S.K.: 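Here you go, one structure.
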Number of protein chains: 2
Amino acid sequence: MQQDAEELAQAMRQGCLGVRIGRLHRLVSRRFDLALRPLGLTLPQLEILAALQIGGRLKPGAIADALAVERSTISRNLSRMEGQGWIRVESAPSGYSKAAELTDAGAEVLAGAGDAWNRTQEAVLELLGSDSPAVLDGWLAQLSKAGDG
Amino acid sequence: MQQDAEELAQAMRQGCLGVRIGRLHRLVSRRFDLALRPLGLTLPQLEILAALQIGGRLKPGAIADALAVERSTISRNLSRMEGQGWIRVESAPSGYSKAAELTDAGAEVLAGAGDAWNRTQEAVLELLGSDSPAVLDGWLAQLSKAGDG
DNA sequence: CGCATCTTGTTGCATATACAACTTCCTTGC
DNA sequence: GCAAGGAAGTTGTATATGCAACAAGATGCG
């Protein structure tokens with residue numbers, strides 16, 4: 001059935017998931033990025049540092065898969081972080097395959113971000129409720145299972 | 001207690017809300033934007049069209065407040081949309097206060113987006129569960145109540 | 001009335017993100 | 001071994017977003 005502008009606007013207002021999730025992202029990422037700002041890093045960057053801390057040497061494509069980000073995005077984010085000296089990106093001598101890993105400076109920044117992260121995480125957890133991470137994980141599992149369909 | 005890099009990385013992996021919400025946003029907004037692409041608009045733009053459909057003439061600052069977006073972001077988004085001819089932005093003759101409203105073309109685009117929006121909304125709702133909008137609304141209410149603190 | 005202040009909108013600068021197109025390397029199949 | 005196809009990264013282009021700094025009104029108080 002054809003829907004007119006007013007109906008769609010009301011339906012979106014009532015329950016658009018995209019709108020709600022976008023707003024949630026703005027409100028929460030602002031808090032994390034604000035807390036991390038004195039350290040000169042952002043939450044997506046911290047996420048990459050943590051992935052490398054856990055995974056050791058990782059290829060860009062593997063990071064992209066792990067974080068559910070496009071390869072092109074990872075490519076640029078790694079460039080910036082390499083510029084900061086937090087990671088090292090090595091091209092295999094043969095030429096093609098690459099691998100990224102934490103530098104000492106990167107591990108230090110990561111460790112130094114602990115307080116800011118803890119503070120923010122606790123504040124947000126307090127607001128959203130202690131079950132929110134599990135709820136989010138359930139949603140993410142569903143989305144991953146569904147793939148790009 | 002001082003946390004080292006490994007501990008922080010593990011803690012983030014276990015439950016970082018910022019990371020989870022960022023990923024949720026990427027996965028869901030990709031779906032909406034993909035569905036809307038043939039119409040030449042994005043979800044944030046559709047959100048603004050819907051806000052104007054419901055609210056009539058609105059000042060940029062009021063839109064920013066309603067969508068929980070920075071004034072600077074709204075300023076640029078409105079420019080782009082005005083360029084598309086979907087909205088009209090009038091400066092009060094006296095000079096300062098502005099107001100935006102839908103054009104006929106904007107209302108048409110909004111109405112035309114109904115099918116794509118419905119399809120995507122239903123698909124995502126199926127994945128996240130029918131209670132997900134209410135859960136998100138609860139979280140957003142908490143975050144709004146807390147303000148920028 | 002006039003100045004100090006608050007409100008609003010814009011612009012500079014930077015990040016994150018995506019899709020598309022391109023390059024390059026690697027893998028298979030013949 | 002070589003050519004065709006797939007995988008991996010980069011780069012072009014565009015949007016969304018935020019903070020800071022600035023510009024321009026609008027307001028209120030003395």
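Keep in mind it's a predicted model, so treat the numbers as computed, not measured. Atoms considered below: every heavy atom in the structure, side chains included; atoms not considered: hydrogens, waters and symmetry mates. Protein chains get the first letters and strands the later ones, always in sequence-line order, with residue 1 at the start of each.
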S.K.: What about Leu43(A) and Leu125(A), same hydrophobic cluster or not, with Ile/Leu/Val/Met/Phe/Trp/Tyr joined at side-chain heavy-atom distances under 4.5 Å?
M.R.: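 Same cluster: Leu43(A) reaches Leu125(A) through Ile, Leu, Val, Met, Phe, Trp or Tyr contacts under 4.5 Å.
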S.K.: In whole angstrom, what separates Arg26(A)'s CZ from dC19(D)'s C1'?
M.R.: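 Result: 16 Å.
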S.K.: Would Leu140(A) end up clustered with Val69(A) when hydrophobic side chains under 4.5 Å apart are linked, directly or stepwise?
M.R.: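 Yes, one cluster joins them.
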S.K.: Just how far, in rounded Å, is C1' of dG9(D) from CD1 of Ile74(A)?
M.R.: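 Value for this atom pair: 12 Å.
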S.K.: Check the phosphate of dG9(C) against Ser75(B), side-chain N and O only, distance under 4.0 Å to OP1 or OP2. Yes or no?
M.R.: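 No, because none of the side-chain N or O atoms of Ser75(B) sits under 4.0 Å from OP1 or OP2 of dG9(C).
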S.K.: Is there side-chain contact between Trp86(B) and Gln45(B), with at least one heavy-atom pair below 4.5 Å?
M.R.: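 Trp86(B) vs Gln45(B): side chains touch.
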S.K.: Counting C-beta onward and ignoring hydrogens, is there a side-chain heavy-atom pair between Lys98(B) and Arg57(B) closer than 4.5 Å?
M.R.: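 A side-chain contact is absent here, since even the closest heavy-atom pair is not under 4.5 Å.
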S.K.: As a test of reading the structure: which of dT11(C), dC19(C), dT15(D) is closest to the side chain of Ser72(B), going by heavy atoms?
M.R.: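 From the listed options, dT11(C) comes nearest.
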S.K.: Starting from C1' on dT17(D), measure out to CG on Leu34(A) and report it in whole angstrom.
M.R.: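 It is 14 Å, rounded to the nearest whole Å.
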S.K.: Under 4.5 Å between any side-chain heavy atoms of Arg88(B) and Glu90(B), yes or no?
M.R.: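 Yes, at least one pair of side-chain atoms sits under 4.5 Å.
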S.K.: Can you list the steps and then say if Glu6(B) with Gln10(B) is a side chain to side chain donor-acceptor pair (under 3.5 Å)?
M.R.: CA-CA 6 Å; Glu6(B) 180 65 24; Gln10(B) 291 295 346; 3.1 Å; yes
S.K.: Would you say that Leu8(A) contacts Gln53(B) through its side chain, given a criterion of any heavy-atom pair below 4.5 Å between the two side chains?
M.R.: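 Not touching, per the 4.5 Å side-chain cut-off.
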S.K.: Counting only side-chain heavy atoms from C-beta out, which of dT10(D), dC19(D), dT15(D) sits nearest to Thr42(B)?
M.R.: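 Output: dT15(D).
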S.K.: Please produce a list of atom pairs where a protein N or O lies less than 3.5 Å from an N or O of nucleotides 5-8 of chain D.
M.R.:
| unit_1 | atom_1 | unit_2 | atom_2 | d |
| --- | --- | --- | --- | --- |
| dA8(D) | N3 | Tyr96(A) | OH | 2.1 |

S.K.: What's the CG-P distance between Leu67(B) and dT17(D), to the nearest Å?
M.R.: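 Checked: the CG to P distance equals 9 Å.
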S.K.: Side-chain N or O of Asn77(B) versus OP1/OP2 of dT15(D): is the shortest distance under 4.0 Å?
M.R.: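 The answer is no; no side-chain N or O of Asn77(B) sits under 4.0 Å from OP1 or OP2.
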S.K.: So if I take every side-chain heavy atom of Arg80(B) and compare against dG18(D), dT15(D), dA16(C), which nucleotide ends up nearest?
M.R.: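 Output: dT15(D).
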S.K.: Just N and O in the side chain of Thr73(A): are any of them under 4.0 Å from OP1 or OP2 of dA16(C)?
M.R.: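 No, outside the criterion.
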S.K.: Roughly how many Å is it from CG in Asp65(B) to P in dT7(C), rounded to a whole number?
M.R.: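 Interatomic distance, CG of Asp65(B) to P of dT7(C): 12 Å.
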S.K.: To the nearest Å, how far apart are Leu27(B) CG and dA18(C) C1'?
M.R.: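 Rounded to the whole Å, the gap is 13 Å.
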S.K.: Using the closest heavy atom to pick a nucleotide of DNA chain D for each, name whichever of Val89(A) or Ser29(A) lands nearer the 5' end.
M.R.: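 The residue mapped nearer the 5' terminus is Val89(A).
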S.K.: Is the shortest side-chain heavy-atom distance between Leu24(B) and His25(A) below 4.5 Å?
M.R.: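 Side-chain contact under 4.5 Å: no.
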S.K.: Just the dot-bracket of DNA chain C, please: which string comes out with Watson-Crick or G-U pairs under 3.5 Å, [ ] for crossing, | for another strand?
M.R.: ||||||||||||||||||||||||||||||
S.K.: Return the nearest nucleotide to the side chain of Pro44(B); candidates are dC19(C), dT10(D), dA16(D).
M.R.: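 So the nucleotide nearest the side chain must be dA16(D).
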S.K.: Give a yes or no on this: more than 12 heavy atoms of other residues, nucleotides or ligands lie within 6.0 Å of atom CG of Asp104(A).
M.R.: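 12 or below, so no.
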S.K.: Could you tell me the separation between the CD1 atom of Ile63(A) and the P atom of dA16(C), rounded to a whole number of Å?
M.R.: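 My rounded result for the distance is 14 Å.
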S.K.: Ignoring hydrogens and angles, answer whether the base of dG18(D) and the side-chain atoms of Arg31(A) contain a donor-acceptor pair closer than 3.5 Å.
M.R.: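 Counting by modelled atom types and ignoring angles, no donor-acceptor contact under 3.5 Å is found here.
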S.K.: Before you tell me yes or no, could you show the steps for Ile63(A) and Leu52(A) under side chain to side chain contact (heavy atoms under 4.5 Å, CB included), namely the whole-Å CA-CA distance, both residues' side-chain angles and the distance that decides it to 0.1 Å?
M.R.: CA-CA 8 Å; Ile63(A) 303 175; Leu52(A) 291 174; 4.0 Å; yes
S.K.: Looking only at the side chain of Arg37(A) (C-beta and beyond, no hydrogens), which of the listed nucleotides dT10(D), dA16(C), dC19(D) gets closest?
M.R.: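 Shortest atom-to-atom distance from the side chain points to dC19(D).
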S.K.: Could you state the CD-C1' distance from Gln84(A) to dT15(C), rounded to the nearest angstrom?
M.R.: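 Rounding to the nearest Å, CD of Gln84(A) and C1' of dT15(C) are 12 Å apart.
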